[in-house]
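Written out below as structure tokens is the structure these notes cover.
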2 protein chains.
Amino acid sequence: MKPAGTASAALARGQGIALWRQIAAAMETDIGAGKLGPGARLPTEAELSARFAVNRHTVRRAMEELEGRGLVRIEQGRGSFVAEDVLDYPVGPRTRFSETIRRQNREPQGRMVRIEELPAEAGVAETLKLRRGRPVVLAERLGLVDGRPVVLGSHWFSAARFPGIAALLAEDPSVTRALALLGVPDYRRQVTRITARMPTPEEAALLEQSRTRPVLVTEAVNVDPEGQPVEVSFACYAAGRMQIVVES
Amino acid sequence: MKPAGTASAALARGQGIALWRQIAAAMETDIGAGKLGPGARLPTEAELSARFAVNRHTVRRAMEELEGRGLVRIEQGRGSFVAEDVLDYPVGPRTRFSETIRRQNREPQGRMVRIEELPAEAGVAETLKLRRGRPVVLAERLGLVDGRPVVLGSHWFSAARFPGIAALLAEDPSVTRALALLGVPDYRRQVTRITARMPTPEEAALLEQSRTRPVLVTEAVNVDPEGQPVEVSFACYAAGRMQIVVES
DNA sequence: ACAAATTTGTTCGTATGTATG
DNA sequence: ACATACATACGAACAAATTTG
């Protein structure tokens, strides 16, 4: 008996339907039916060509089709994987992690990784309009969607302007709620700068991603209604799980 | 006689000014004076510690200071380099490569790498509102700033809607001008999706960048004043030479 | 695919000078 | 004068990343 839940090896030869189309259709069924979840590893091309009793080229043609349609991701030397749906992260004046995720019918979570008070170094001090060396609070938070880590954010606040924010964030990882309790009921994202780089070992571990895949990095400045900067944040997104979307 | 144009080795010991500060100041002078241009390789820590007759730690302390101030970039295993200014690429409804670069007082250039007519595959066909297999024109263009490649863009157009666009782009790499000649005097960027990945060997070669550094990838849809899509483009930016900026 | 050379990063330990009380 | 804390400086060894052969 053949294993349940895998594509059948029964192909119709010489019936006018190319073998690779049948294979692609069979695998699409498996993926669509959820038998192979997002991110799951597909059998190797060698295994598939044995199972379907065809040449490896035929399997490759089928896989290329699926990759072109965005259903699978093929990585040279590693294998093939069911494509994970890429979450959209729209940036705009009202960018908020939790709201954004919930709007896509996913479950956001936040977990504080580190909270510290430090003297401000040049860059952060300048954007927060503080003098160098003034105390700032650094809060590092891991953002998860449906239990999978997708973003690691470093948030910087003036310790003088927001006394006790470290304790608040330790209790509840929501930046929005912490600022609300400290007299900033609303804030606006003024500017977002986006770059990419390789993750540090620590970032890769927290994001549960390969060290050979890059992270998208955003630097965002949030300001209060008077235009005063209240927060600077640097966020690393696992590229391939998130894409940043700008609607114009 | 000591070589001209390099930081002097004459340090004042025991005069109340820390050696590492003197070293940092000396190197800052060299960089500021333009003796070391952007991107230039700095001497190794070993060379500098010999030149200044100090321990490597002392040189490192000076370099850390300069890196913290954004003057140099230090890369493990490679060396230290004079920081290059990162170009801003603002995205919005009126995003145009050449205008953007010129506004930063830099000289933009474009060079066509490839122009081809192909049958549309699923993704492009859908965003251009064409049927799969309809002819589309693919134009690959390298964008340069001050002679350095910074972006490699793949632009897709409907061959039926824009007859002769391949020839026009071959003559003049400006997408804006080509579309103007074909009856679209103005267009608007509707949406931009941003991700990151490792470059292909070809992309790395064209962008003159290491294969171990990621590229920022944007997918942009440009529409005419009636809202009809006229172009879809995928652009790879050399991360570290360009950052995408979203003003809200 | 592997090894060697180069370069920066980290962690010990030690010693000295300076400001503070 | 003394103790303490802190910044500075040197030395050695090893780890990690990159480049080259």
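Predicted, not measured: the structure shown is a model, and the values here were computed from it. These values consider heavy atoms only, across backbone and side chains, with no hydrogens, waters or symmetry-generated copies. Numbered from 1 within each chain, the chains take letters A, B, ... in sequence-line order.
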Subject >> Separation between CG of Leu87(A) and CD1 of Ile244(A), rounded to the nearest 0.5 Å >> reply: 12.5 Å
Original post:
Can you tell me if the side-chain N/O atoms of Thr58(B) get under 4.0 Å from OP1 or OP2 in dT8(D)?
Top reply: no
**OP:** Would you tell me if any nitrogen or oxygen in the side chain of Asn55(B) comes within less than 4.0 Å of OP1 or OP2 on dG11(D)?
**Re:** yes
**OP:** Verify the neighbour count for atom CD of Glu171(A): are there more than 12 heavy atoms of other residues, nucleotides or ligands below 6.0 Å?
**Re:**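 Counting neighbours around CD of Glu171(A), 12 or fewer heavy atoms of other residues, nucleotides or ligands fall under 6.0 Å, so no.
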**OP:** Please name the pair of heavy atoms, one in Ala24(B) and one in Ala62(B), separated by the smallest distance, quoted to 0.1 Å.
**Re:** N-CB, 3.8 Å
Could you check how far [atom1] of [X] sits from [atom2] of [N], rounded to whole Å?
X         : N       : atom1 : atom2 : answer
Arg21(B)  : dA7(D)  : CZ    : P     : 11 Å
Glu65(B)  : dA9(D)  : CD    : P     : 13 Å
Ile23(B)  : dT8(D)  : CD1   : P     : 12 Å
Trp20(B)  : dC10(D) : CH2   : C1'   : 17 Å
Arg211(B) : dT19(D) : CZ    : C1'   : 15 Å

**OP:** Look only at the side chain of Asp88(A) and the backbone of Pro90(A), and say whether a donor-acceptor pair between them is shorter than 3.5 Å.
**Re:** no
Original post:
Which angle, rounded to 10°, do you find between the first-five-pair axis and the last-five-pair axis of the helix from dC2(C)-dG21(D) to dG21(C)-dC2(D)?
Top reply: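 Inter-axis angle at the ends, rounded: 10°.
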Original post:
If you look at every strand shown and take non-hydrogen atoms under 4.0 Å, does Arg13(B) touch a base, only sugar-phosphate, or nothing?
Top reply: sugar-phosphate
**OP:** Go through the structure and list residues passing salt bridge (charged side-chain N to carboxylate O under 4.0 Å, His left out) with Arg60(B), not counting sequence neighbours.
**Re:** Glu45(B)
Residue pairs, two or more places apart or on separate chains, that pass salt bridge (charged side-chain N to carboxylate O under 4.0 Å, His left out) and touch [range]:
range                       : answer
residues 239-248 of chain B : none
residues 121-130 of chain A : none
residues 206-217 of chain B : Glu75(B)-Arg213(B)

Original post:
Below 4.5 Å, heavy atoms only, C-beta onward: do Arg141(A) and Leu169(A) meet side chain to side chain?
Top reply: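 The answer is no; the side chains never approach within 4.5 Å.
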Original post:
What string of B, S and - do you get for nucleotides 7-20 of chain C, 5' to 3', when a contact is any protein heavy atom under 4.0 Å?
Top reply: BBBBB---------
